[in-house]
Amino acid sequence: WSLSRVLVGFCIACMAGVVIGLTMGWFPCIRAAVMPIFNLLRPIAPLAWIPLAILWFGIGEKYKYFIIFIAAFVPFTLNAYAGAIHVDKQLIGAAKMLGASNPQVFFEIVVPSSVPSIFSGAQVALSNSWMTMLAAEMVCATEGIGWIIIAGQGVNDMTQMIAGMLAIGIVGFGLANGMRYLEGRCLAWNN
């Protein structure tokens with residue numbers, strides 16, 4: 001349950017954060033419209049959204065997905081934005097000199113040049129998603145690793161609580177290594 005929740009929230013945050021970050025970095029009008037709102041909401045911790053998320057979505061799965069989305073959205077957006085604004089200006093100038101249109105420059109230079117930065121954000125986003133999922137499960141869930149720990153606390157079962165904590169560490173370690181492996185495979189050209 002825990003992994004599926006992280007996967008859903010992480011993937012939605014990836015799609016939204018990368019699109020918004022890249023467009024903010026490349027289009028000044030979008031940056032001017034979105035950046036002030038983003039900077040206002042960015043410092044709010046994902047856990048602070050839990051009461052509102054429960055009010056908006058109820059105590060089912062949707063509120064957990066929303067909290068995980070919030071935790072992963074900020075790193076994806078910031079890193080995609082950083083990748084887009086730090087693209088080599090000489091590459092852009094050369095492409096435009098050779099007749100490339102703005103959409104061609106965006107999709108053939110800006111997006112590929114931003115991928116290493118996006119993967120850096122993905123590492124942070126995955127870690128944030130995993131930690132936030134645990135908190136969301138501890139607040140209101142009937143299954144998952146967070147629930148296992150809280151259920152163990154409820155009956156004073158230290159073995160169950162420690163088993164849950166070990167599972168958190170083992171799965172978190174596996175997720176981090178899996179992301180590094182995926183980054184190495186996808187960015188072999190960057191090494």
Side-chain angles (χ1 to χ4, degrees), residues 1-25 30-85 114 117-154 161-162 164-180 183:
W1 281 102
S2 298
L3 281 173
S4 68
R5 290 175 179 135
V6 168
L7 182 65
V8 170
F10 180 82
C11 289
I12 295 170
C14 176
M15 291 183 286
V18 168
V19 168
I20 291 172
L22 289 175
T23 54
M24 277 194 319
I30 293 175
R31 182 182 319 134
V34 175
M35 190 59 97
I37 299 166
F38 180 74
N39 284 333
L40 178 69
L41 298 176
R42 179 177 64 159
I44 301 172
L47 300 182
W49 289 93
I50 289 177
L52 278 176
I54 291 173
L55 283 174
W56 291 340
F57 302 111
I59 59 171
E61 293 299 305
K62 290 179 185 173
Y63 104 86
K64 296 174 190 84
Y65 297 146
F66 177 76
I67 298 300
I68 294 165
F69 166 81
I70 293 292
F73 177 74
V74 170
F76 270 121
T77 306
L78 285 177
N79 283 49
Y81 171 73
I85 63 170
S114 301
S117 182
I118 291 168
F119 265 104
S120 296
Q123 281 282 2
V124 176
L126 188 59
S127 175
N128 287 357
S129 297
W130 185 241
M131 289 184 293
T132 305
M133 177 276 310
L134 293 168
E137 286 182 350
M138 287 179 169
V139 171
C140 192
T142 56
E143 66 278 310
I145 295 175
W147 174 80
I148 288 172
I149 294 171
I150 292 298
Q153 178 191 8
M161 290 187 286
I162 291 173
M165 292 168 62
L166 287 174
I168 292 167
I170 292 168
V171 173
F173 179 76
L175 288 173
N177 284 334
M179 182 59 74
R180 277 191 218 100
E183 180 178 3

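Since we're looking at a predicted model, the values are computed, not measured.
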Exercise. Do K62 and W56 come close enough that some side-chain heavy atom pair is under 4.5 Å?
Worked result: no
For this session: Output the distance between atom CD1 (I30) and atom CE (M35), rounded to the nearest 0.5 Å.
Result: 12.0 Å
Problem set entry | Minimal non-hydrogen separation, I67 against A53, with atom names | CD1-CB, 3.8 Å
Problem set entry | Any I12 side-chain heavy atom under 4.5 Å of I68 side chain | no
Exercise. So, do F38 and L78 sit near enough that their side-chain heavy atoms are less than 4.5 Å apart?
Worked result: yes
Problem set entry | Any side-chain heavy-atom pair of I118 and N79 under 4.5 Å | no
For this session: With the side chain counted from C-beta on, respond yes when M138 and W147 share a heavy-atom pair under 4.5 Å apart, and no when they do not.
Result: no
Exercise. Which atom names give the shortest non-hydrogen contact between L40 and P43, and what distance separates them?
Worked result: O-CD, 3.4 Å
Problem set entry | G83 versus S117, closest heavy-atom pair with distance | N-OG, 3.6 Å
Exercise. Which heavy atom of P75 sits nearest a heavy atom of G121, and at what distance?
Worked result: CB-O, 3.6 Å
Exercise. Near L55 CG, under 6.0 Å, is it more than 12 heavy atoms from other residues, nucleotides or ligands?
Worked result: yes
Problem set entry | Separation between CZ of F76 and CG of L126, rounded to the nearest 0.5 Å | 8.0 Å
Exercise. Under 4.5 Å between any side-chain heavy atoms of V139 and I54, yes or no?
Worked result: yes
Problem set entry | Nearest non-hydrogen partners of G25 and A84, listed with the distance | CA-CB, 3.8 Å
For this session: Working to the nearest 0.5 Å, report the span between CD1 of I85 and CG of L22.
Result: 11.5 Å
For this session: Answer yes or no: does atom CE of M179 have more than 12 heavy-atom neighbours from other residues, nucleotides or ligands under 6.0 Å?
Result: yes
For this session: Supply the atom-to-atom distance T77 OG1 to L41 CG, rounded to the nearest 0.5 angstrom.
Result: 11.0 Å
For this session: Kindly compute the distance separating CD1 (I149) from CD1 (I168), expressed to the nearest 0.5 Å.
Result: 3.5 Å
For this session: Would you give the length of the straight line joining atom OH of Y65 to atom CG of L7, rounded to the nearest 0.5 angstrom?
Result: 9.5 Å
Exercise. ring-ring contact (aromatic ring centres under 6.0 Å, His included) with F57: which of Y63, F69, F66?
Worked result: F66
Seminar exercise, completed: The side chain to side chain contact (heavy atoms under 4.5 Å, CB included) partner of T132 among L47, V6, I50 is L47
Exercise. Any ion pair linking K64 and E137 (charged N to carboxylate O, less than 4.0 Å)?
Worked result: no
Exercise. Are the side chains of W130 and S2 in touch, meaning some heavy atoms are under 4.5 Å apart?
Worked result: yes
Exercise. Which pair of heavy atoms, one from A72 and one from S129, lies closest together, and at what distance?
Worked result: CB-OG, 3.3 Å
Exercise. Is it the case that more than 12 heavy atoms not belonging to I59 sit under 6.0 Å from its CD1 atom?
Worked result: no
